[in-house]
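Since we're looking at a predicted model, the values are computed, not measured.
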Amino acid sequence: MSFVLGNIPKQSVLSVTLSPALVNANTTAEQTFTVNGLLMGDMAVVSKPTTQAGLGIVNSRVSANNTLAITFSNNTGASITPTASEVYLVLVSRPDRAVTDGNI
């Protein structure tokens, strides 16, 4: 288990143009996107610029360096494709250290 402690020496808001793939009916699906500059340990919060009935973002994370993972939720009985080429806002917070031994 890893705990993040300390200050946030870097926090940025990025504008990223994304074209997510189809999300099947009544499911959640994580999709990954290349976003240069992201590092493992960064915290990413994503804002979709428009609404689509039944579609939500239920998680976002940095899954690898330069990789943003967004979990979409489709709460309808039909598949939904998120709008293509939309500019999402991504709030990135980078902590100054991480504790990995479980002692806080």
Side-chain angles (χ1 to χ4, degrees):
M1 184 180 306
S2 176
F3 296 95
V4 177
L5 300 172
N7 297 315
I8 304 288
K10 182 175 182 182
Q11 192 167 51
S12 303
V13 176
L14 308 175
S15 295
V16 183
T17 301
L18 303 177
S19 293
L22 178 138
V23 181
N24 288 323
N26 297 308
T27 191
T28 59
E30 184 177 79
Q31 300 182 33
T32 59
F33 307 91
T34 298
V35 179
N36 291 327
L38 294 179
L39 299 176
M40 286 297 297
D42 287 352
M43 184 178 131
V45 178
V46 176
S47 176
K48 185 179 182 309
T50 60
T51 61
Q52 286 181 261
L55 181 71
I57 293 176
V58 295
N59 191 43
S60 56
R61 65 190 183 98
V62 176
S63 61
N65 288 346
N66 301 315
T67 306
L68 174 66
I70 302 173
T71 303
F72 291 92
S73 174
N74 178 351
N75 300 309
T76 72
S79 61
I80 298 174
T81 301
T83 305
S85 299
E86 284 195 308
V87 179
Y88 288 63
L89 294 179
V90 182
L91 173 64
V92 180
S93 299
R94 182 166 294 157
D96 61 1
R97 70 185 188 112
V99 175
T100 57
D101 63 4
N103 295 315
I104 350 184

Problem - Contact check, side chains of Y88 and S47, non-hydrogen atoms, under 4.5 Å - result: no
Problem - From NZ (K10) to CG (D96), nearest 0.5 Å - result: 14.0 Å
Problem - Nearest-0.5 Å distance, OG1 of residue T81 to CG of residue N74 - result: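 One gets 9.5 Å once the value is rounded to the nearest 0.5 Å.
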Side chain to side chain donor-acceptor pair (under 3.5 Å) involving [X] - partner list, sequence neighbours excluded:
| X | value |
| --- | --- |
| N75 | S73 |
| S93 | Q11 |
| T50 | K48, E86 |
| S12 | none |

Problem - For S85, all residues meeting side-chain contact (heavy atoms from CB on, under 4.5 Å), sequence neighbours excluded - result: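 Expected list: T17, S19.
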Shortest non-hydrogen contact from [X] to [Y]?
| X | Y | value |
| --- | --- | --- |
| T83 | Q52 | N-OE1, 3.0 Å |
| A78 | T76 | O-OG1, 2.8 Å |
| A29 | V23 | CB-CG1, 4.5 Å |

Report all side-chain donor-acceptor pairs from residues 55-69 shorter than 3.5 Å, counting only partners two or more places apart or in another chain.
residue	atom	partner	partner atom	Å
S60	OG	A44	O	2.6
R61	NE	E30	OE2	2.9
R61	NH2	E30	OE1	3.1
R61	NH2	E30	OE2	3.4
N65	OD1	M40	N	2.9
N66	OD1	G37	N	2.7
T67	OG1	N65	O	3.4

Exercise for the section: Decide whether V35 and V13 are clustered together by the hydrophobic rule: side chain heavy atoms of Ile, Leu, Val, Met, Phe, Trp, Tyr closer than 4.5 Å, transitively. Expected result: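 Each belongs to a different hydrophobic cluster.
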Problem - Flag, side chain of Q31 to backbone of A21, donor-acceptor distance under 3.5 Å - result: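 Such a contact is found between Q31 side chain and A21 backbone.
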Practice task
Report the residue from V87, V46, V92, L89 that forms a side-chain contact (heavy atoms from CB on, under 4.5 Å) with L14.
Solution key: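 One option only clears the test, and that one is V92.
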Practice task
Show your reasoning for whether side chain to side chain contact (heavy atoms under 4.5 Å, CB included) applies to N24 and L22.
Solution key: CA-CA 6 Å; N24 288 323; L22 178 138; 3.1 Å; yes
